[in-house]
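See below for the structure under consideration.
Residue numbers start at 1 and run along the sequence shown. What you see is a predicted model; the values in this text were computed from it and never measured. Only this structure's heavy atoms are used, side chains among them; waters, hydrogens and symmetry mates stay out.
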Amino acid sequence: MPAPSPHSPLRAWWTRRTPAAGAAVMATGIMSVGLDLTGHETLSRIALVLGCAAWLGLAAEFAAGLLRERTRWAADAGTPGGLTAVAATTVLGTRFSALGRQTLAEALLALSALLWPVLTVLVVRRWKRRMPGGVFLCCVAVQGLAVLCATLAAAESAAWLAHTALVLFWLGLVLYGVALHLFDVRQVLVGPGDQWIAGGALGISALAGSSLLAADSARLYLWNDDDHGVLRAVTVALLVLSLAWYVVLLAAECVRPRPRYDVRRWATVFPMGMTAVATLSVSDAADVAWLRTPGEVLLWISVAAWLAVAAGAAGSALTVLRSTAPR
């Protein structure tokens, strides 16, 4: 079967993809992590395969754009959605580490660490007041690195990775404050989907905190009692704030329904899944057993949201393919 021409319907559909499409990998990857935490290994691996397939496709386009169309690449990379490349890579790396594939997880950490400063500079240069929810991806990307560093620190007993993760954790909180200052709060009611990242960024911050708590051991002795207490308190507070955002954003969806598909709806699914995963992780790391049940409920809600958005994406792709097909 010949490869599609540059003007084929398939190519036309693919070129309409925006940098925000990276949120689909983030959403699918966090579904895999959550399903693994709840013991649904088969479903988790299916989600991981789907996430990896999407990541490879986007990575190929990312590399091709960098080599062939640098002006367009820089324009796309400079949007808030450009940082999904970092966040998506760290989410997949975290899942591979849980599978025991530490070398692959290390490679993904190295790649995301190389991408992060470059993309952050491109994105920050375009910051202004009244930004959409994508502005919080600056926090998500940093906390994704923190989660992966802490996860690998626990897996490989590497104290330096844990301390690096701690620095990234606090940096992420600072960036969240900056992003909150720039965020247009009207997006809560009118945003197309990425307004949910305002809560998801706190969710991944809570996950980073729980990962730091879990990385400690008698062998490493990372934190003394005071450090552990502060880290635990901050982590629980971040989870509470993330859940509060969840309630506010869900209420806004009920008041102002936005059922039409938009690629930025993947940026709704990711925070929903991240809040669930953070709740499950904090339940274990902070020894708050009763959080387990709400975490599982939130996970299945996010799975339902993933299926709904995936159906919308498939329908949108089919419409584009039909409209651009030769007649």
Are [X] and [Y] side-chain neighbours, meaning at least one heavy-atom pair lies under 4.5 Å?
| X | Y | value |
| --- | --- | --- |
| Val25 | Thr84 | no |
| Leu291 | Val288 | yes |
| Leu238 | Leu173 | yes |
| Val135 | Pro80 | no |
| Gln187 | Pro192 | yes |
| Val140 | Met274 | no |
| Arg125 | Val121 | yes |
| Leu182 | Arg130 | no |

Taking atom [atom1] of [X] and atom [atom2] of [Y], what is their separation to the nearest 0.5 Å?
| X | Y | atom1 | atom2 | value |
| --- | --- | --- | --- | --- |
| Leu166 | Leu161 | CG | CG | 12.5 Å |
| Ile46 | Thr28 | CD1 | OG1 | 12.5 Å |
| Thr275 | Leu299 | OG1 | CG | 11.5 Å |
| Leu109 | Cys149 | CG | SG | 4.5 Å |
| Leu168 | Thr164 | CG | OG1 | 7.0 Å |
| Leu83 | Leu115 | CG | CG | 10.0 Å |

Contact summary for [X] and [Y], nearest pair of heavy atoms:
| X | Y | result |
| --- | --- | --- |
| Ala146 | Ala208 | CB-CB, 4.1 Å |
| Ser97 | Thr151 | OG-CG2, 3.4 Å |
| Phe169 | Ser205 | CE1-O, 3.2 Å |
| Ala150 | Ser211 | CB-CB, 3.7 Å |
| Ala141 | Trp116 | CB-CD1, 4.2 Å |
| Gly134 | Asp194 | N-OD2, 3.6 Å |

Please determine whether side chain to side chain contact (heavy atoms under 4.5 Å, CB included) holds for the pair Trp55 and Leu108, giving the CA-CA distance in whole Å, both sets of side-chain angles, and the decisive distance to 0.1 Å.
CA-CA 12 Å; Trp55 185 90; Leu108 292 174; 4.3 Å; yes
Hydrophobic cluster membership, with links at side-chain heavy-atom distances under 4.5 Å among I/L/V/M/F/W/Y: are [X] and [Y] in one?
| X | Y | value |
| --- | --- | --- |
| Val247 | Ile197 | no |
| Leu152 | Val167 | no |
| Leu231 | Val174 | no |
| Val91 | Val49 | no |
| Val118 | Leu114 | no |

Using 30° and 60° as the class limits, which term best fits the ring planes of Phe183 and Phe136: parallel, tilted or perpendicular?
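Plane angle over 60°, so perpendicular.
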Does [X], at its [atom1] atom, have more than 12 non-hydrogen atoms belonging to other residues, nucleotides or ligands within less than 6.0 Å?
| X | atom1 | result |
| --- | --- | --- |
| Arg126 | CZ | yes |
| Arg101 | CZ | no |
| Asp225 | CG | no |

Sole candidate of Leu202, Leu241, Ile301 that passes side chain to side chain contact (heavy atoms under 4.5 Å, CB included) when paired with Tyr246
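Only one of Leu202, Leu241, Ile301 forms a side chain to side chain contact (heavy atoms under 4.5 Å, CB included) with Tyr246, namely Ile301.
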Side chains of [Y] and [X]: any donor to acceptor distance under 3.5 Å?
| X | Y | result |
| --- | --- | --- |
| Arg292 | Thr279 | no |
| Thr268 | Arg265 | yes |
| Ser32 | Ser44 | yes |
| Glu296 | Thr38 | no |

Would you say [X]'s side chain and [Y]'s backbone share a donor-acceptor pair under 3.5 angstrom?
| X | Y | value |
| --- | --- | --- |
| Arg232 | Ala286 | yes |
| Thr235 | Ala206 | no |
| Tyr176 | Cys138 | no |
| Arg258 | Arg256 | yes |
| Gln143 | Ala201 | no |
| Asp216 | Leu222 | yes |
| Gln195 | Gly193 | yes |
| Ser210 | Leu207 | yes |
| Ser112 | Val86 | no |

What about the rings of Trp127 and His181, do their centers lie closer together than 6.0 Å?
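Trp127 vs His181: aromatic centres not under 6.0 Å.
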Derivation and outcome, side chain to side chain contact (heavy atoms under 4.5 Å, CB included), residues Leu212 and Trp223:
CA-CA 9 Å; Leu212 285 165; Trp223 331 117; 3.9 Å; yes
Trace of the side chain to side chain contact (heavy atoms under 4.5 Å, CB included) decision for Leu189 with Glu253:
CA-CA 7 Å; Leu189 282 174; Glu253 295 280 359; over 6 Å; no
Would Phe270 and Trp196 count as a ring-ring contact (aromatic ring centres under 6.0 Å, His included) if you check the C-alpha gap in whole Å, the side-chain angles of each, and the deciding distance to 0.1 Å?
CA-CA 8 Å; Phe270 171 72; Trp196 278 79; over 10 Å; no
Before giving the answer on side chain to side chain contact (heavy atoms under 4.5 Å, CB included), spell out for Thr90 and Val147 the whole-Å C-alpha distance, their side-chain angles and the decisive distance to 0.1 Å.
CA-CA 8 Å; Thr90 60; Val147 171; over 6 Å; no
